[in-house]
S.K.: 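What follows is a structure written as structure tokens; I'll ask about it next.
In the text below, chain A, chain B and the rest are named by the order of the sequence lines, each starting its count at 1.
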Amino acid sequence: MMANQVWRWAGGVAAALALAIGVGGCGKRSAKAETIELGVILPLSGDLQAFGSSTLDGIKYRVEQLNQAGGIGGKLISLQIEDDRNDQSQCIAAVTKLSGLKGVTAIIGPITSTSALACSSTITAEKVPTLSPTATNDRVAPSSPYLFRACFNDSFQGRVIAHYAARDRGFKQAAVMTELSSDYSIGLVKSFTEAFTAAGGTIVAETSYQGKSTEFGTQLQKIRASGAELVFVPGYPGEVPLILKQAAVMGVDAVFCGADGWDHEDIIQKSGDKIVGAFFTGAFSPADTRPHVREFVTAIKQRTGREPGSFEALGYDSVTLLAEAMKARGTDREAVREGLLGLREVAAVTGPISITADGNAEKAAVVMGLDKQGEGYVKKYLATVAP
Amino acid sequence: MDALLYSLADGVCIGAIYALIALGYTLVYGIIKLINFAHGEFYMVGADAAWFYYQALLTGQVGGLLLIAVAVGGVMVGLWLARRWAQRWVRPGWTGWRRQLSQLAAIAVLAVVTAAVLYGALTGSVVVLRAALMAVRAPGWLYVVAILPVAALTGALIAMLTEQVAYRPIRGGSRLVALLTAIGASCALQNAMKFVRGGNHLAFDGPILTFRMQSVLIGGTGFPVVKFGFVAITLVLMLGLWWLVMRTRFGRAMRATSQDLVAARLMGVDVDRVILLTFALGGAFAGVAGCLVGALHHADPMMGFMPGITAFVAAVVGGIGSIPGAVLGGFLLGLLQVLVVWAGVPESYSGVVTFGVLIAVLVVKPEGLLGRPETVKV
């Protein structure tokens, strides 16, 4: 029958198209001598898509700036972007592809600690210097001589938020909510718990949830019953807005706080009124008055229509760090690694950064609070804590 | 005690959603012995469609994605209609290119006409519903009611499309092939949606958000009112399904096909149509479930995976192929998941418990709690 034939045609055309797109994608391979190829691995789809695209905004803006200024040693930077969908096996595959097939000089990414830890042995084997903008888990940078980061680590960050809560705000009883599938969340809860108890507070409820869950009733019920005044949720934009909305419905009175994963418009704007009064640690304050930060904030606002958060800023700074390393030592992989290790007090938008011998970034953190303004919500700067 | 009460209420409401999805698995399995792993995707598509329709109701503008969906849907439905009707447009004497051309023309006309009708229905319904909702200053729950039919319809359409494109060509082949095709269909739908609408979460703001923030006190803690709607809607749909299966001609045809496909065909049952409509029914249920959960949380392309798997377990635990079994299994699993966390088992073990129950049931009573044991005649 005719209609059957049409179905078959449609199927054939679809298959051919898919094949063509696939093959076309593989055929793109240009390693021109006069460009520096930088690999980028970010979750550009999936549950952390919001983080990935924000980080990419910062990276792209910095690369454009550098290229307009003539590149590095006369060579322009070109980006090779891979989407890891926040999936660890995709991330490992992306490292192999960028390092082998595309022959990149260095990689920026991945953004989660879980992914960074998953691909750290591949990075060591490929000997490709990799700079994660935001993987804060303590184990990330020391796990490979080629793995670096532009952000502070979790034992520092957990200490900052715990000390701020216990000393500056006088909270005594706190509850924690851990995302079990995230090394980031687990590590932060650990360091927060230690610092908060040491500062004289008590953890009255320990609860946990799975990534991608949507129901938190039982956990919030437990927190409510425990009489906690503060709830620490070092989570991601997929779950935190749901947790806060559900807490509002259930009448949980405690104040919520989080870590750098909160520094994104997807959490700030989508969590409802419960976000007012909440606070978190960030890498960056858009209210910073230094001229190069003002320029960065204005430019990102113009490009994306949003105020930049930690993700745009750390994406931007990652490129800066790599560029400084390449300017200092040269553009092959070993030189970039040595160059990164030699960086001291680099003037980045998230404050001066020094790279330590194990690949960690030494830098300050800010505590940001949240307030309502008109229909939306705004961040306000609360405190800066140096390491 | 208070916490237990709260957890029980929560478990029943989540269970209602699992039951609604599990019905789709069980209906399809009952009739063609196919485990339709793409079923969770019907749920996801339903939630997405509901979100886009909701935006149209709020802004009065039908978004580009809805238009694309309508165009694709129209062409697909048109092609499907053409299977049946294109023959009639051909003069008996015509052969060769004349025959081909007239059939092609028929298909094109049908596709365009259905797309136009669908477009008209869509924009018309948006205009009328929007005016009505604005006129009565509708509360959030009325908006949910208004978008439910769209979710059901989209779920049904996508289920029919999947059946036509992915399952019909391999029907009668090995069950392994069917199973793999189902997994493939699931991946394809997930990624197609991701490609079309991006990977971000779409939350239902505005009146629905206000509605979902309303709560009643259970055991001293606020419980979202909207979740009771889950149970109510699920119960109504289940009664409707029971009536359809047990009291109508179509239901009899379904039961006949499920007992013996070949015999049913020999008795004059249009088996293909029955199967297609069974898929539509399951898809509509999944769409409704997706819309409800989406309205409570958000819609995203990966949302169908876990509920889909859990509801599949529910269907197997209840006895796959058995309609009351799916409902029982759904409520059981919903309660179990909540009670396990209430009892203090770490959340990381909730999957272990769910699938542990599956294994236990398969070992002790492989046909499921309410299933009929499969007898093999040698």
S.K.: Go through A:Arg303 and A:Glu312 one step at a time and tell me if the salt bridge (charged side-chain N to carboxylate O under 4.0 Å, His left out) criterion holds.
M.R.: CA-CA 11 Å; A:Arg303 289 166 74 99; A:Glu312 286 90 349; over 6 Å; no
S.K.: With side chain to side chain contact (heavy atoms under 4.5 Å, CB included) as the test, pick out the partner of A:Tyr209 among A:Val233, A:Leu242, A:Thr218, A:Thr178.
M.R.: A:Val233
S.K.: Applying side chain to side chain contact (heavy atoms under 4.5 Å, CB included) between B:Leu202 and each of B:Arg197, B:His298, B:Gln55, report the one that passes.
M.R.: B:Arg197
S.K.: Which pairs count as salt bridge (Lys or Arg N to Asp or Glu O under 4.0 Å) when at least one residue sits in residues 220-247 of chain A, sequence neighbours excluded?
M.R.: none
S.K.: Under 3.5 Å, which donor-acceptor pairs link side chains of residues 211-219 of chain B to any protein atom two or more places apart or in another chain?
M.R.:
{"unit_1": "B:Arg212", "atom_1": "NE", "unit_2": "B:Leu296", "atom_2": "O", "d": "3.0"}
{"unit_1": "B:Arg212", "atom_1": "NH1", "unit_2": "B:Ala295", "atom_2": "O", "d": "3.4"}
{"unit_1": "B:Arg212", "atom_1": "NH1", "unit_2": "B:Leu296", "atom_2": "O", "d": "3.3"}
{"unit_1": "B:Arg212", "atom_1": "NH1", "unit_2": "B:His297", "atom_2": "O", "d": "3.3"}
{"unit_1": "B:Arg212", "atom_1": "NH2", "unit_2": "B:Leu296", "atom_2": "O", "d": "3.3"}
{"unit_1": "B:Ser215", "atom_1": "OG", "unit_2": "A:Val249", "atom_2": "O", "d": "3.2"}

S.K.: With chain B as the partner, which of A:Arg85, A:Gln49, A:Gln210 has the greatest number of non-hydrogen pairs under 4.5 Å?
M.R.: A:Gln210
S.K.: With respect to chain A, which residue among B:Val341, B:Asp300, B:Val293 yields the maximal number of heavy-atom pairs within a distance under 4.5 Å?
M.R.: B:Val341
S.K.: Using non-hydrogen atoms only, which part of B:Pro301 is less than 4.5 Å away from chain A: side chain, backbone, both, or neither?
M.R.: neither
S.K.: Quick one: what part of B:Tyr6 sits under 4.5 Å from any heavy atom of chain A, side chain, backbone, both or neither?
M.R.: side chain
S.K.: Using a strict cut-off of less than 4.0 Å between a Lys/Arg side-chain nitrogen and an Asp/Glu carboxylate oxygen, indicate whether A:Lys190 and A:Asp154 qualify as a salt bridge.
M.R.: no
S.K.: Considering only heavy atoms and a distance below 4.5 Å, find which of A:Ser53, A:Ala50, A:Gly238, A:Ala225 pairs most often with chain B.
M.R.: A:Gly238
S.K.: Taking every non-hydrogen pair under 4.5 Å, which of B:Gln337, B:Met303, B:Lys227 racks up the most with chain A?
M.R.: B:Lys227
S.K.: At a 4.5 Å cut-off on heavy atoms, which part of B:Asp10 comes close to chain A: side chain, backbone, both, or neither?
M.R.: side chain
S.K.: Measuring heavy-atom distances to chain B, does A:Gln221 have an atom under 4.5 Å in its side chain, in its backbone, in both, or in neither?
M.R.: side chain
S.K.: Which atoms of A:Glu206 come close to chain B, meaning under 4.5 Å heavy atom to heavy atom: side chain ones, backbone ones, both, or neither?
M.R.: neither
S.K.: Does any heavy atom of chain A fall under 4.5 Å from the side chain of B:Ser7, the backbone, both, or neither of them?
M.R.: side chain
S.K.: Quick one about A:Ser113 and A:Asn137 (side-chain donor to acceptor, distance below 3.5 Å, no hydrogens or angles considered), yes or no?
M.R.: no
